[in-house]
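All chains are named by letter (A, B, ...) in the order of the sequence lines, taking the proteins before the strands, and each is independently numbered beginning at 1. Keep in mind that this is a model prediction, so the values were computed, not measured.
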Number of protein chains: 2
Amino acid sequence: MSNKRKKQVTIYDLATELNVAPSTVSRALKDHYSIGKATITAVKELARKRGYRTNILASSLRTRESNTIGVLVPWINRPFISSLIHGVEAAARESGYNVIISQSQDSYDHEVANAKTLFSSRIHALVVSLAMQTTDYEHLEEISSSGTPVIFVDRVPSTLDGHRVVIDNVRSARLATQHLIDQGCRRIALFKGASHQIIYHERECGYREALQANDLRVDDELILTSDHLTLEEGNRLARQLLQSPHPPDGIFSTNDNAAVGAIKCARELGVAVPEQLAIIGFNNDPVCEIIDPPLSSVTHPAVEMGRMALQQALRVANAKMPVTERRIELETQLVPRASSLRRR
Amino acid sequence: MSNKRKKQVTIYDLATELNVAPSTVSRALKDHYSIGKATITAVKELARKRGYRTNILASSLRTRESNTIGVLVPWINRPFISSLIHGVEAAARESGYNVIISQSQDSYDHEVANAKTLFSSRIHALVVSLAMQTTDYEHLEEISSSGTPVIFVDRVPSTLDGHRVVIDNVRSARLATQHLIDQGCRRIALFKGASHQIIYHERECGYREALQANDLRVDDELILTSDHLTLEEGNRLARQLLQSPHPPDGIFSTNDNAAVGAIKCARELGVAVPEQLAIIGFNNDPVCEIIDPPLSSVTHPAVEMGRMALQQALRVANAKMPVTERRIELETQLVPRASSLRRR
DNA sequence: TTGTAGGCGTTATCAG
DNA sequence: CTGATAACGCCTACAA
C-alpha cells in the first residue's frame, strides 16, 4: 500500500528548506566540483537530518544506468554456487553495486524467462552459469547484443563466444587422473555430467589424455554419465561398476557429491578405499574433509571466480573500447587425501 | 557505457507505429478492461515483434512500488542460509517479484550500511536474518516505520516486536536433550552461540528445561559458548571437555558443524560414539548423512522458512489492514541417527 | 558558483 | 473505448 508509506524526502524538499535550487542539492550531494564548500556541508547536514535517501530508481531512469548486477544460476543452495554468489556480491558491494539473483533450477524455460525479467530491470551486467538443460543461447545473445555485458562462469556455452571466467578443465582432469595412475591404478572409471555441458566434455578429454599418455586403454564401459551427479547417483554408479566382472581400481568423479556416494558404496560392499579402489572428486567441497576416508579432490575457486566475474562485468560495462580479453582462467590445484593415497 | 547500448523500445515507439496514444499502449499491455480486444492484440503483437520490454525502473518510479524484495543475511554461502534464500527467491519469482541480496558478513556496520542501500532501492519488503554482532535494531526500525515491511527470519531481534518466521527453539532443544537422556546420558554438554542472539538463548532454555524435568543437575562447566560454531571450534570444545576430569557422556550442539567437529575429536581420542559419548546436532544439514557415524539432528526447515517469510512480506506489504499475526512458527522434527542411538 | 528547464519511460487522471 | 497531460525524483545542458 503506497499510501501507507511515509512520503519520502526528495532533493526538492531539501532545496526549498535551504532556499537553493534542486540542481544545487543534487550536485552538492555528489561533491560536484563547482559547488561551494559551505553549500555542500549545509546540504549534506540537512540531508542527514531529514533522513534523505537518494531514489535509485529515479536516478537510474534518468542516467539509464542501474547500479544492479544480475546473477542467473541453476541453484542457489549448492556449495559451489553459493560461494560463487558470495564472491560476486562482496565484490559488487565494494564497487557500489547491488546484486539481484535468480535461479533457473536447471530448467531452460526458467532460464529464458528469468533472463527476460532481469533484462527488464535494466541490469548493468549479467553473470550467468547455465542450466543443465540449456543448449541454445539466443536469450543471452539478445541481452549481450543489446549492450548489456554477459559474463559466463563455470557452465559456459559451447558455441557462443562470450566473456567467461573458467578453470582449465582439461588440465585439472588430467591432473586428477594422473594422480590415480601414480598411485598405481590401471582401470580408472569416470563419473561425468551431461556432455553438452562443455565442462564435462573437457574433463572427459583430460581423463582420456592422461590414460593415453600412460599407455592405458580407454574403456568406454568405465565412462558413466549422470544428469545430476548426486550422492545417490554416485552410489548407484559405483555399485554398478563394483559388481561388474571387471571392476575398476580407481574412480575419478567430476564432482565431490558423487564421489562421496562412491565411498559410501565401497564401504557398504566391503571394498577397501584406497587399497582396492582409489577415489578422487572435484570441487574440494567442505565435505571432502568430513567423509571417512577424506576425499582427494581438485580445488575449484568459487569465491574467486565470483569476484573475477564481477570485475570483468564492470570492466566490460564501463570500457571505452571493446574488452579483448574475453577468457579469464583461474588456477586449480590437486588436493590428495586418504581416499587415493596408497602407502608405498 | 550507456551510449554503447542500443536504444530501447518504448511504449512511445509502439504508439507512433500504431497511430495510437502511449497511454493506450500502456493500458493494452496490461489488459486494461477498457481497451478494445483488437487494439490489445495489435499492441501485443507489435510489442513482441519489436522486442519491447517494459522499463521496470520507470514503472516503479511512477507507481512508487518496486517489485523487488530485499534479503539481508550474514553469509550467503552457508547451507542453512543458501537454502533460505532459495526459498525466498522461488516464492518471489512465482509472485512476480525480484530478489536483491546482500550479506552483512556478521558485521553490524555492514548490516547498517546494506540496510540503507537496500532502502534506497525502494524495496517492496525486507527479509532479514541478523548479523551475529547485532544488538540494536534502529537501522531496521527506521525502514519498518517508514512503511516498508521488515520480516525477520531465524536470527530475530530480542527486543523489537517485528514480524518473524521462526521455529520453536525451546521445544526443539528440549526434544534433542530429552533424546540424549532417553539414550542413557546423564552428563550432557551444550555447544551454543553468542547468547545475545535469542535463538541460542532459547535453545539453552530448552536444554535446561529437559535436564530439570529429569532431575539432572545443570553443570555450568558443560555449557560452552562459541562465536562461530565452526567445525574446528566444535573439535576444540569437545577436546577440552573430553580431557577434563569429568567428561560428559553426551553433547548437544546447536549446529551441525560443531557437532561434526565433536565427532572427529572423539574419533581422534578413541572415544566411542555413541557408546561413550552420544552426540546430536541441529539443522539437519546434508553433512549429517555423510559423517560416520551419521549425526542425529533436529530439522530446521530452511526452504520453507524462506517461502513463508516471502509470503508474509507480501501479505504485510499489500494488506489494507495491519497484519496481526506477527509470528509464524514452523515445525521441527527430531532425526535420530547412529551418533546418539545406543542399542538397548 | 548557482539556477532553469526539459526529459528519462511509465502510469493515473481527467476529458472526450 | 481512447487521447492529452501531468507527474514520479533525479540529472544535466545551458544560461546567468
State, with a plain yes or no, whether a side-chain heavy atom of [X] is found less than 4.5 Å away from one of [Y].
X	Y	answer
N98(A)	H124(A)	no
V88(A)	R307(A)	no
W75(A)	S82(B)	no

Nearest-Å distance, [atom1] ([X]) to [atom2] ([N])?
X	N	atom1	atom2	result
E65(B)	dG9(C)	CD	C1'	18 Å
R50(B)	dG9(C)	CZ	P	17 Å
Y12(B)	dG7(C)	OH	C1'	11 Å
I35(A)	dT2(C)	CD1	P	5 Å
L57(A)	dT11(C)	CG	C1'	14 Å
L61(B)	dC8(C)	CG	P	13 Å
R27(B)	dT13(C)	CZ	P	11 Å
K30(B)	dT11(C)	NZ	C1'	8 Å

Among [options], find the nucleotide with the atom closest to the side chain of [X].
X	options	value
N55(B)	dG6(C), dT10(C), dT1(C)	dT10(C)
T10(B)	dG6(C), dG9(C), dT4(C)	dG9(C)
R64(A)	dT11(C), dC8(C), dG3(C)	dC8(C)

Query raised in the report: Nearest 0.5 Å, what's the NE2-CE distance between H196(A) and M132(A)?
Result: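 H196(A) NE2 to M132(A) CE: 7.0 Å, rounded to 0.5 Å.
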Report task. Give the first and the last nucleotide of DNA chain D, reading 5' to 3', that has any atom under 4.0 Å from a heavy atom of chain B. Result ->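 Range of nucleotides within reach of chain B: dC1(D) to dG9(D).
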Report task. Report yes or no: do R155(A) and S129(A) form a side-chain donor-acceptor pair below 3.5 Å? Result ->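 No - no donor-acceptor pair under 3.5 Å links their side chains.
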Query raised in the report: Quick one: do the Q133(A) and S107(A) side chains pair a donor with an acceptor below 3.5 Å?
Result: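 No, no side-chain donor-acceptor contact under 3.5 Å.
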Report task. Identify which one of V9(A), L14(A), D13(A), T41(A) satisfies the side-chain contact (heavy atoms from CB on, under 4.5 Å) criterion when paired with L46(A). Result ->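 Of the listed residues V9(A), L14(A), D13(A), T41(A), the side-chain contact (heavy atoms from CB on, under 4.5 Å) partner of L46(A) is L14(A).
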Query - S26(B) vs dT11(C): side-chain N/O to OP1/OP2 distance below 4.0 Å - result: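 It does, given that an N or O in the side chain of S26(B) lies less than 4.0 Å from OP1 or OP2 of dT11(C).
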Query - Phosphate contact (dT2(C) OP1 or OP2) by T39(A) side-chain N/O below 4.0 Å - result: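 Yes, T39(A) has a side-chain N/O under 4.0 Å of OP1/OP2 on dT2(C).
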Report task. Please work out if T54(B) contacts a base, only the sugar-phosphate, or nothing of the nucleic acid, heavy-atom cut-off 4.0 Å. Result ->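 Here T54(B) touches the backbone only, sparing every base.
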Report task. Would you mind classifying the nucleic acid contact of N19(B) as base, sugar-phosphate or nothing, using non-hydrogen atoms under 4.0 angstrom? Result ->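 The answer is sugar-phosphate, as N19(B) gets under 4.0 Å only of primed atoms, P, OP1 or OP2.
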Report task. Indicate yes or no for a side-chain donor-acceptor contact from Q103(A) to the backbone of H86(B) under 3.5 Å, with no hydrogens or angles considered. Result ->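 Judged by distance alone, yes, a pair lies under 3.5 Å.
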Query raised in the report: Could a donor-acceptor pair under 3.5 angstrom be found where the side chain of R62(B) meets the base of dT10(C)?
Result: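 When only heavy-atom distances are counted, R62(B) does not reach the base of dT10(C) through any donor-acceptor pair under 3.5 Å.
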Query raised in the report: Below 3.5 Å, does any donor atom in the side chain of T63(B) face an acceptor in the base of dT10(C), or the other way round?
Result: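 Looking at the base of dT10(C), it does not pair with any donor or acceptor on the side chain of T63(B) (distance under 3.5 Å).
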Query raised in the report: When the nearest nucleotide of DNA chain D is assigned to S59(A) and to K37(B) on a heavy-atom basis, which residue is associated with the more 5' position?
Result: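 So the residue in question is K37(B).
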